[in-house]
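What follows is a single structure, written as structure tokens, with notes after it.
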Number of protein chains: 2
Amino acid sequence: MSSSPVLAEVARLAGVSAATASRVLSGRGPASADSRAAVLRAAADLGYVPHPVASRLARGTGTRLLFAVRDRRTDILSDPFVTRAATAMAAATDPDGLGVCLRRLPLDAAAELDRIAADRSVAAVVLAGHDGDLLDHLPTGLRGRFAAIGAGGLDVDSTAGIGALLRHLHTTGRRRIALIGGPPWLAAARAPLHTYTGLMREAGLPIRVVPGDFTTARGRTAARTVLRRWPDTDAIATVSDATALGVLQTLAETGVRVPHDVAVTGFDDVPFAACAVPALSTATHPVELIAAAAAQAALGAAPRDRLFPSRPVLRATA
Amino acid sequence: MSSSPVLAEVARLAGVSAATASRVLSGRGPASADSRAAVLRAAADLGYVPHPVASRLARGTGTRLLFAVRDRRTDILSDPFVTRAATAMAAATDPDGLGVCLRRLPLDAAAELDRIAADRSVAAVVLAGHDGDLLDHLPTGLRGRFAAIGAGGLDVDSTAGIGALLRHLHTTGRRRIALIGGPPWLAAARAPLHTYTGLMREAGLPIRVVPGDFTTARGRTAARTVLRRWPDTDAIATVSDATALGVLQTLAETGVRVPHDVAVTGFDDVPFAACAVPALSTATHPVELIAAAAAQAALGAAPRDRLFPSRPVLRATA
DNA sequence: CTGTTAGCGCGTTCAT
DNA sequence: ATGAACGCGCTAACAG
């Protein structure tokens, strides 16, 4: 069996030069209707598929999309959001002949970002977990081949999602609502916090905030903190399902009834949120879509949307 | 600032030809101690890093690792096992300049596998969800750059894991143990089934098997089936945490007390298993390790282990 | 609009 | 053991 046909064979069959065939097939550069048709036919006849590696070497672009996740936790790469997003990117870039690689970045990621910018195998970078400063000081080498997930980049409309949940809590009679937020170094954590304080002020309700880090363990301890500092709390909102599940554990252990005594809301709608007991009320958003869009944006496609909807899902905890 | 140094510059600085420099740096081919030292020094001085894309084009090997998941479900790519494994591979192959791409394969995957074998951008393939037949009829083009996860490849020692859980059920007095197994078309589903029937026979206990598919939804319906067909069942073992969580839901709705009336065991130890109510007893195994090992094996490294431990984690449901 | 000529950066014969 | 030359497959710059 003959090996895969190469561009030169297509060109010969079409009766044109390799350059013309390349121009037609890659869609960049002029070509007459005649040669276009001839090349396309020849390519189809031969079952030609361009060699992504050769193409990208010639073009000087890399062959992989780097998903960089900045976080303090060293186990962040097993976070459900990260695994879902990385997987979605790997599926989304497959048709382009690209692959995805994954790397954790420490909080001071500047040096590592420089190294990434110099890595010629990296076609583009998607960054999650940034703070504002990092986005302002991106290596110039990353211009045009970079996208961020979170505040300032492609983001979940957390204002809408968290806002809807908080309003629901208020509507159903909750008046002492605590928030377990995100880590302070994370840009994407500011919007939910802002939404919360805004709504509480507007409603004349007390502000009760404890920082979190998207883990279940922290959810457990944060819930303890809330109960200790504000024993009359009647609702705990969080910015992460994992955190909310930790909260549920603590409340169960403490004998606090959910939602009777305290209502709880999560954020993300992880696959198992519906399996929690009581089933977790949360907000759902298209993580896979966002990840795929971020990948496309980093690779140069004009992003269709920058803000993705977050819709409340009311189950049993609120 | 000058762009990344290339091989030719290293060679010039070392006073040798590019060919020699290549031989030294890639480690294949002869080289005198003198030139070796000179080349290594020059490379270090210049901070030389080989261009993975150029290297792989010249060598004819691809630039990405394809993780192919064969399954009937079209949403299999959001299965927790898949997302965890894909993510682990993307992190593991990062240092090699490779990326990971992900693709679902239908049950009759032969044609697609041929296409994959012909894709010159694919360095190697990791396959999950195979049946025995598929492994026997692999495209020859995949020889030496292929690894399978599951029976016949790198696998979880499910015999040990499931066996330990079943023995625990027996030890704690359960005598009418049902199993919700895996789908029939999956090679990796046979071992647990075999373990189950063997142990039940040995103990003189009845065989009660319902097929599953690793989803929570199926866990719910399968549990109903079990309760209807064998109302005196006092334990339900599963081969997937997602399924076990579905079982827990059905039992809760039906008013069956866990573990008092019916014990339940899962398999995989997903992050959420500990948060279930009651907390799920299951078996844990190093998914990330397995995935990374499979990636290395596919890329040609001799795998250190083929069977990975599965250790029971007894929480509240059994 | 098209073909020719040079690369992209590295691996690998083949002489020497 | 070493270097010159060529090849991997495609794209970009340049004439025409």
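Everything numeric here is computed off the predicted structure, so don't read it as measured data. A, B, ... follow the sequence lines: proteins, then strands. Residue 1 opens every chain.
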For [X], report the nucleic acid contact type (base, sugar-phosphate, nothing); a contact means any heavy atom under 4.0 Å.
{"X": "B/Arg56", "result": "nothing"}
{"X": "A/Ala31", "result": "sugar-phosphate"}
{"X": "B/Val16", "result": "sugar-phosphate"}

Practice problem: Name the closest nucleotide to the A/Arg120 side chain, picking from C/dG9, C/dT13, C/dC1. | Solution: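 Out of C/dG9, C/dT13, C/dC1, the nucleotide with an atom closest to A/Arg120's side chain is C/dG9.
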
Quiz item: Among C/dT4, D/dG3, D/dC10, which nucleotide sits nearest the side chain of A/Ala19?
Solution: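 Of the options given, the side chain of A/Ala19 lies nearest C/dT4.
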
Does [X] make a side-chain N or O approach to OP1 or OP2 of [N] shorter than 4.0 Å?
{"X": "B/Tyr48", "N": "C/dC10", "value": "yes"}
{"X": "A/Ser22", "N": "D/dC10", "value": "no"}
{"X": "A/Ser32", "N": "C/dC1", "value": "no"}
{"X": "B/Ser55", "N": "C/dG9", "value": "no"}
{"X": "B/Ser17", "N": "D/dG3", "value": "yes"}

Quiz item: How close do B/Arg104 and B/Arg72 get, heavy atom to heavy atom, and via which atoms?
Solution: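 Scanning both residues, the minimum pair turns out to be NH1-O, 3.5 Å.
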
Quiz prompt | Residue pair B/Glu112 / B/Leu105: nearest heavy atoms and the distance that separates them | solution = CG-CD1, 3.8 Å

How long is the straight-line distance from [atom2] of [Y] back to [atom1] of [X], given to the nearest 0.5 Å?
{"X": "A/His137", "Y": "A/Asp114", "atom1": "NE2", "atom2": "CG", "value": "12.0 Å"}
{"X": "B/His130", "Y": "B/Leu107", "atom1": "NE2", "atom2": "CG", "value": "13.5 Å"}
{"X": "B/Asp157", "Y": "B/Asp305", "atom1": "CG", "atom2": "CG", "value": "11.5 Å"}

Self-check item: Along DNA chain D (nearest heavy atom to each residue), the more 5'-positioned of A/Ala54 and A/Arg28
Solution: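 Nearest nucleotide further toward 5': that of A/Ala54.
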
Exercise. Specify the residue among A/Ala58 and B/Gly15 whose closest nucleotide of DNA chain D lies further upstream toward the 5′ end.
Key: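 Its nucleotide being nearer the 5' end, the pick is B/Gly15.
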
Please report, rounded to the nearest Å, how far the [atom2] atom of [N] is from the [atom1] atom of [X].
{"X": "A/Leu7", "N": "D/dA12", "atom1": "CG", "atom2": "P", "result": "12 Å"}
{"X": "B/Arg23", "N": "C/dC10", "atom1": "CZ", "atom2": "C1'", "result": "13 Å"}
{"X": "B/Leu25", "N": "D/dT2", "atom1": "CG", "atom2": "P", "result": "13 Å"}

Quiz item: What about B/Arg59, does its side chain sit under 3.5 Å from the base of D/dG7 through a donor-acceptor pair?
Solution: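 No such pair is found, so the answer is no.
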
Quiz item: Which residue lies toward the 5' end of DNA chain C, A/Ser35 or B/Leu57, if each is placed at its nearest nucleotide?
Solution: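 The residue mapped nearer the 5' terminus is A/Ser35.
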
